[in-house]
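Presented below is the structure to which this report refers.
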Amino acid sequence: MNNRSIVLIVLVSAGMFAGLPNPFWQNSFLVLLVPAALYAIAWHVRSASAAFRLGWLASGAGAAAAVYWVAYPVHVYGMLPWPLAVPCALLLGAWIGLFGAVFSCIMHLLVRPYSRGTLPLFWQNALLLCTAAGCLWGILEWFRGIFLTGFPWATLASAFVAVPQMLQAASVVGGTALGAFFACAACCSVHLCAGTLRCRRLSVISVAILGIIALFGFYRTGSFSPQGEEYDVALIQGNIDQGQKWLPEYQQGTADRYISMSQGAADKLKPDLIIWPETSMPFYFQEHALGEDIRRAVAGLGVPLLLGTPGYTLGPQAGSYTTYNRAYVLDKQGRDIGFYDKEHLVPFGEYIPSFLNLEFLQTMMQGVGDFTPGKQTAPVRTGNLALGILVCYESIFPELAQQRVADGATLLVNISNDAWFGNTSAPRQHLHLTAVRAVEQGRYIARCTNTGISAIIDPFGRMQETGPLFRPAVVGGAVKSITKKTVYHLIYQWIMPAMLVVFCTTAFCLLQTGRRQTPQ
């Protein structure tokens with residue numbers, strides 16, 4: 001491995017870690033180093049296999065640096081020693097890195113005819129290369145979000161939640177396609193110092209792409225305000241210790257804490273809706289005696305409540321039942337008005353794939369048991385609010401938020417429990433991915449978590465109110481019930497086909513041009 005390879009690996013790792021939320025310092029624009037360096041790898045190596053290997057090493061190292069926090073729950077709750085827990089983060093990084101390897105490999109096949117220094121190259125060909133690179137990046141991010149249950153973490157667009165003006169184009173093209181534009185701009189900048197092409201005009205295109213995205217962002221955030229009926233919500237962050245919450249002797253104390261905090265919130269904030277986090281009630285609310293205490297408390301407050309709890313339905317045979325990760329909604333008299341069962345479950349957290357049903361992984365279930373995906377996705381209505389509910393990491397999947405709004409949701413609610421990950425980067429990375437959904441769908445998101453970060457996010461992806469990490473807190477603020485749909489929502493189904501067509505067209509033109517010009 002030569003010095004240039006080492007530099008490219010370092011650039012990818014630095015871009016992934018420092019461009020995304022981390023415990024030290026974040027600069028969103030540094031994430032552009034990731035596609036730029038992987039694109040440079042495609043030019044640097046001599047074969048497709050070498051591009052794959054170096055791309056995998058670089059992006060795998062960068063991804064492992066970004067998702068280092070995976071080792072924490074595996075060690076603390078999976079009870080594996082650190083020498084076995086740390087490789088879990090490396091394995092997840094290697095999985096994410098595979099897509100970077102594919103990117104470098106495919107781009108090498110496209111740039112190979114233009115990297116030999118003997119062809120009459122024009123800057124138009126370089127522009128085609130960068131366009132193909134951007135589309136390929138978007139396609140791979142999309143595929144990573146659906147393949148083997150999907151894991152669309154550490155996306156380019158989510159890095160720019162810290163700079164909301166750079167995120168607003170997601171309301172038109174979505175986070176995945178916005179990431180493709182960012183990748184295209186990053187790859188154009190590589191040609192500024194490419195010795196064979198000398199296409200320095202592409203650096204102007206790079207600046208133009210980022211400039212247009214920024215100008216649109218400033219225009220949208222400065223010229224528009226969300227229109228809709230306003231409601232006050234109170235998010236109750238109980239900060240219950242994850243290692244104790246499922247123990248029966250702590251259930252009464254857990255319920256008492258949430259009831260007490262809700263009474264204080266009702267007296268002080270006068271909310272129209274109170275929200276408790278995912279599995280805030282660590283028992284079967286539908287049958288437990290504490291469930292009746294909670295219903296009476298809600299009736300006393302006179303405020304509707306959304307709460308997370310396990311749920312179940314009885315099976316056809318005696319003693320058989322199916323469990324769900326459920327969100328109940330109670331009206332102001334404490335009566336059930338609807339529920340939502342989580343449809344996209346977390347592997348190894350809410351269920352263990354049958355082919356990996358190993359005993360030591362069962363400890364991560366904390367006695368809850370295997371959950372089953374829910375089927376009902378319609379919003380739950382309380383008054384004029386239609387609540388589109390996303391449980392835990394469902395908020396990182398664009399298609400789920402899209403479906404909630406298509407079903408009529410006027411407010412998105414994300415309840416989560418990020419206590420699994422301790423005081424790491426994971427809670428803030430999760431929050432930023434959730435904020436992208438707010439921009440894409442043009443909806444407020446009320447996000448309530450057990451240990452943080454609870455937040456009220458406006459349709460521009462901005463944090464209107466946020467809570468602390470690992471402290472009990474009440475986060476209160478105003479949201480609006482919005483019915484207007486974004487451009488992205490209306491053209492959602494056409495974005496990925498369009499990206500595929502553009503990539504295939506540019507790749508075909510590049511291969512054909514390269515084949516005609518290659519010396520025989």
Side-chain angles (χ1 to χ4, degrees), residues 8 11-12 15 19 27-44 100 103-104 106-115 117 119-141 155-157 159-160 163 165-170 172-220 495 498-514 517:
L8 292 173
L11 288 176
V12 173
N27 185 317
S28 301
F29 289 92
L30 289 179
V31 80
L32 298 179
L33 290 173
V34 180
L38 292 174
Y39 182 64
I41 287 173
W43 286 91
H44 168 58
F103 175 82
S104 292
I106 293 177
M107 288 312 302
H108 174 80
L109 295 174
L110 295 180
V111 306
R112 184 167 53 185
Y114 305 96
S115 62
L119 301 179
L121 302 178
F122 303 96
W123 77 278
Q124 290 91 339
N125 287 332
L127 181 58
L128 283 177
L129 284 168
C130 294
T131 302
C135 290
L136 178 61
W137 189 273
I139 292 166
L140 291 172
E141 273 199 358
T155 62
L156 286 189
F160 287 91
V163 191
Q165 290 76 16
M166 299 300 295
L167 191 63
Q168 300 313 304
V172 179
V173 298
T176 302
L178 179 58
F181 280 106
F182 284 135
C184 180
C187 293
C188 283
S189 66
V190 172
H191 290 278
L192 180 63
C193 54
T196 55
L197 274 179
R198 302 186 185 279
C199 297
R200 288 172 173 77
R201 279 175 288 182
L202 281 175
S203 62
V204 177
I205 295 177
S206 175
V207 172
I209 292 172
L210 297 178
I212 291 171
I213 291 172
L215 287 174
F216 177 78
F218 279 104
Y219 171 72
R220 186 170 187 262
I495 290 175
M499 205 176 302
L500 285 165
V501 168
V502 173
F503 172 73
C504 291
T505 302
T506 53
F508 177 78
C509 292
L510 288 165
L511 292 173
Q512 287 296 106
T513 303
Q517 294 184 356

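FYI, side chains are in, hydrogens and waters are out, and symmetry mates aren't considered; it's all heavy atoms of this structure.
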Margin query: For a 4.5 angstrom cut-off between non-hydrogen side-chain atoms, does C184 reach I209?
Written below: yes
Check: Where is the tightest heavy-atom contact between A185 and S206, given as atom of each residue plus distance?
Finding: O-OG, 2.7 Å
Note to self: Given V111, which partner from the list L129, I106, L510 fulfils the side-chain contact (heavy atoms from CB on, under 4.5 Å) test?
What the structure shows: L129
Check: How close do L11 and A37 get, heavy atom to heavy atom, and via which atoms?
Finding: CB-CB, 4.1 Å
Notebook entry, point to check: So, does S104 use its side chain to make a donor-acceptor pair with the main chain of L38 at under 3.5 Å?
Noted result: yes
Check: Mind checking what makes ring pair (Phe, Tyr, Trp, His ring centres under 6.0 Å) contact with F160, not counting sequence neighbours?
Finding: F29, F182
Item checked: Heavy-atom side-chain proximity of T176 to I495 below 4.5 angstrom -> no
Next item on the list: For side chain to side chain contact (heavy atoms under 4.5 Å, CB included), just list the numbers for L136 and Y39, CA-CA rounded to whole Å, side-chain angles, deciding distance to a tenth of an Å, and then say yes or no.
Entry: CA-CA 11 Å; L136 178 61; Y39 182 64; over 6 Å; no
Check: Taking C-beta and beyond as the side chain, do L210 and L32 meet within less than 4.5 Å on heavy atoms?
Finding: yes
Notebook entry, point to check: Do you know the tightest heavy-atom contact between A36 and A186?
Noted result: CB-O, 3.7 Å
Check: Which value, rounded to the nearest 0.5 Å, describes the distance between L110 atom CG and T506 atom OG1?
Finding: 7.5 Å
Margin query: Using the side-chain hydrogen bond (donor to acceptor under 3.5 Å, both in side chains) criterion, which residues pair with T155? Sequence neighbours excluded.
Written below: S158
Checklist line | Aromatic ring pairing Y219/F216, orientation class (parallel under 30°, perpendicular over 60°, tilted between) | finding: tilted
Note to self: Rounded to the nearest 0.5 Å, what separates atom CE in M107 from atom CZ in F103?
What the structure shows: 5.5 Å
Check: Nearest 0.5 Å, what's the CG-CZ distance between L140 and F503?
Finding: 8.0 Å
Next item on the list: Indicate yes or no: at least one non-hydrogen side-chain atom of H108 is less than 4.5 angstrom from one of I41.
Entry: no
Check: Any idea which heavy atoms bring A157 and L167 closest together, and the distance?
Finding: O-CD1, 3.5 Å
Checklist line | Partner residues of F181 under the ring pair (Phe, Tyr, Trp, His ring centres under 6.0 Å) criterion, sequence neighbours left out | finding: none
Notebook entry, point to check: Minimum heavy-atom separation for M499 to A180, with atom names?
Noted result: SD-CB, 4.2 Å
Item checked: Smallest separation among heavy atoms of L128 and C509, with atom names -> CD1-CB, 4.3 Å
Item checked: All side chain to side chain contact (heavy atoms under 4.5 Å, CB included) counterparts of I212, not counting sequence neighbours -> none
Margin query: Any non-hydrogen side-chain atom of L178 less than 4.5 Å from a side-chain atom of I213?
Written below: yes
Next item on the list: For F218, enumerate each residue passing the ring pair (Phe, Tyr, Trp, His ring centres under 6.0 Å) test, keeping only those at least two apart in sequence or located in another chain.
Entry: none
Margin query: Once side chain to side chain contact (heavy atoms under 4.5 Å, CB included) is applied, do any residues pair with A159, and if so which ones, sequence neighbours excluded?
Written below: L20, V31
Item checked: Atom pair CD/CG of Q168 and L215 - distance to nearest 0.5 Å -> 13.0 Å
Check: In Å and rounded to the nearest 0.5 Å, what is the CE to CG distance from M166 to L156?
Finding: 11.5 Å
